[in-house]
Amino acid sequence: MVFVVACGPDEPEPAPLRLDATVEFPPNDTVRLSLPASSSWCNDGHSLLLESLSPDGSGVLVRIRYRDSLASDSLPIVVPEDTTTVPAAIVALRFSLHGTPRGYSLDSGRVDLVRQGPNVRVALGGTGMESAIRIRAHVESRDIPIGSDTVSCAYAR
């Protein structure tokens with residue numbers, strides 16, 4: 001009796017979906033995203049970048065700016081150009097609506113950050129405007145591991 005076992009490379013396990021976002025786009029559209037998420041320390045020494053991106057280009061970026069150390073807090077959402085408000089959060093969204101890519105930075109709202117050991121969770125609600133269209137966004141994450149990598153988080157327009 002001969003047994004033949006087909007062995008092939010293991011399929012890479014997809015990253016766990018850790019972030020859910022809902023974007024309300026006037027007048028009647030709603031976009032929902034459920035994405036993998038990761039984090040990296042910013043090389044400025046006082047920020048953490050949460051990244052949640054999909055291969056199609058949709059995603060959410062949240063930069064958490066803190067004073068001395070990253071701790072659970074409720075932070076105001078500020079525009080990317082605001083370099084003085086600390087602690088604060090900068091939030092950017094990218095998604096497609098009816099085949100058209102859209103990108104927004106939120107300009108108001110709050111981010112509730114919970115740090116639990118080696119993980120963080122965020123829950124945020126805010127609004128942003130572009131081309132005279134105001135959107136509303138809600139984002140919730142599950143345990144996102146705090147990364148050990150350092151990246152540049154410099155804002156470029």
Side-chain angles (χ1 to χ4, degrees), residues 10-25 31-97 100-131 133-157:
D10 290 338
E11 288 291 321
E13 203 169 300
L17 301 178
R18 292 196 167 107
L19 186 132
D20 297 310
T22 302
V23 181
E24 298 166 7
F25 192 87
V31 176
R32 287 183 173 75
L33 304 170
S34 190
L35 304 166
S38 63
S39 70
S40 301
W41 295 105
C42 296
N43 60 8
D44 68 3
H46 293 282
S47 300
L48 181 72
L49 181 66
L50 306 176
E51 298 179 275
S52 187
L53 306 169
S54 72
D56 71 0
S58 297
V60 178
L61 294 174
V62 180
R63 181 179 177 187
I64 304 293
R65 294 193 320 222
Y66 54 88
R67 284 193 177 95
D68 297 322
S69 62
L70 182 67
S72 297
D73 202 351
S74 181
L75 313 163
I77 294 174
V78 298
V79 295
E81 294 88 355
D82 181 341
T83 59
T84 59
T85 305
V86 177
I90 299 166
V91 180
L93 306 158
R94 183 170 165 82
F95 56 92
S96 285
L97 184 64
T100 303
R102 306 247 180 212
Y104 289 86
S105 292
L106 300 185
D107 55 31
S108 63
R110 295 209 69 79
V111 173
D112 292 320
L113 171 78
V114 176
R115 182 170 185 180
Q116 296 176 318
N119 298 318
V120 293
R121 289 182 182 196
V122 294
L124 70 87
T127 61
M129 182 179 284
E130 187 169 314
S131 302
I133 298 171
R134 182 156 288 281
I135 60 137
R136 181 175 308 279
H138 303 278
V139 175
E140 288 193 27
S141 75
R142 290 169 289 290
D143 296 328
I144 301 172
I146 297 175
S148 57
D149 294 339
T150 302
V151 297
S152 172
C153 295
Y155 172 68
R157 197 149 173 83

Quick check for you: to the nearest 0.5 Å, what is the distance between [X] atom [atom1] and [Y] atom [atom2]?
| X | Y | atom1 | atom2 | answer |
| --- | --- | --- | --- | --- |
| L113 | L48 | CG | CG | 8.0 Å |
| T22 | I135 | OG1 | CD1 | 11.5 Å |
| L35 | E51 | CG | CD | 12.0 Å |
| I144 | S39 | CD1 | OG | 7.0 Å |

- Message: Going by salt bridge (charged side-chain N to carboxylate O under 4.0 Å, His left out), name the residues that satisfy it together with R142, two or more places apart in sequence or in a different chain.
- Response: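 Listed in chain order: D20.
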Is [Y] close to [X] at the side-chain level, that is, under 4.5 Å between some pair of heavy atoms?
| X | Y | answer |
| --- | --- | --- |
| S52 | R18 | no |
| L75 | R65 | no |
| D107 | T127 | yes |
| S96 | R102 | no |

- Donor-acceptor pair, side chain of S38 and main chain of P145, under 3.5 angstrom: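 Checking the backbone N and O of P145 against the side chain of S38, no donor-acceptor pair under 3.5 Å is found.
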Report the residues that fulfil side-chain hydrogen bond (donor to acceptor under 3.5 Å, both in side chains) with [X], sequence neighbours left out, ordered by chain and then residue number.
| X | result |
| --- | --- |
| T85 | D82 |
| R136 | none |
| T150 | none |

- Mind checking side chain to side chain contact (heavy atoms under 4.5 Å, CB included) for S152 and listing every partner two or more places apart, or none if nothing turns up?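 With sequence neighbours excluded, S152 shows a side chain to side chain contact (heavy atoms under 4.5 Å, CB included) to N43, A154, given in chain and number order.
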- Query: Can you name the side chain to side chain contact (heavy atoms under 4.5 Å, CB included) partners of Y66, sequence neighbours left out?
  - Reply: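 Partners of Y66 under the side chain to side chain contact (heavy atoms under 4.5 Å, CB included) test: W41, H46, L70.
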- Item | E24, CD atom: more than 12 neighbouring heavy atoms under 6.0 Å |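 Atom CD in E24 is packed in, count exceeds 12.
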- Fit a plane to each ring of F95 and Y104, take the angle between them on a 0 to 90° scale, and name the class: parallel (under 30°), tilted (30 to 60°) or perpendicular (over 60°).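 Ring orientation, 0 to 90° scale: parallel.
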List, one per line, each side-chain donor-acceptor pair under 3.5 Å for residues 116-126, sequence neighbours excluded.
from: R121; atom 1: NE; to: D143; atom 2: OD1; distance (Å): 2.8
from: R121; atom 1: NH2; to: D143; atom 2: OD1; distance (Å): 3.4

[X] and [Y]: which non-hydrogen atoms are nearest, and at how many Å?
| X | Y | result |
| --- | --- | --- |
| V114 | S72 | CA-OG, 3.4 Å |
| A21 | V139 | CB-CG2, 3.8 Å |
| G103 | E130 | O-OE1, 2.5 Å |

Would you be so kind as to tabulate the donor-acceptor pairs closer than 3.5 Å made by side chains of residues 54-63, with sequence neighbours excluded?
from: S54; atom 1: OG; to: D56; atom 2: OD1; distance (Å): 2.3
from: S54; atom 1: OG; to: S58; atom 2: N; distance (Å): 3.3
from: S54; atom 1: OG; to: S58; atom 2: O; distance (Å): 3.3
from: D56; atom 1: OD1; to: S58; atom 2: N; distance (Å): 2.9
from: D56; atom 1: OD1; to: S58; atom 2: OG; distance (Å): 3.2
from: R63; atom 1: NE; to: S47; atom 2: OG; distance (Å): 3.3
from: R63; atom 1: NH1; to: C153; atom 2: O; distance (Å): 2.9
from: R63; atom 1: NH2; to: D44; atom 2: OD2; distance (Å): 2.7
from: R63; atom 1: NH2; to: S47; atom 2: OG; distance (Å): 3.3

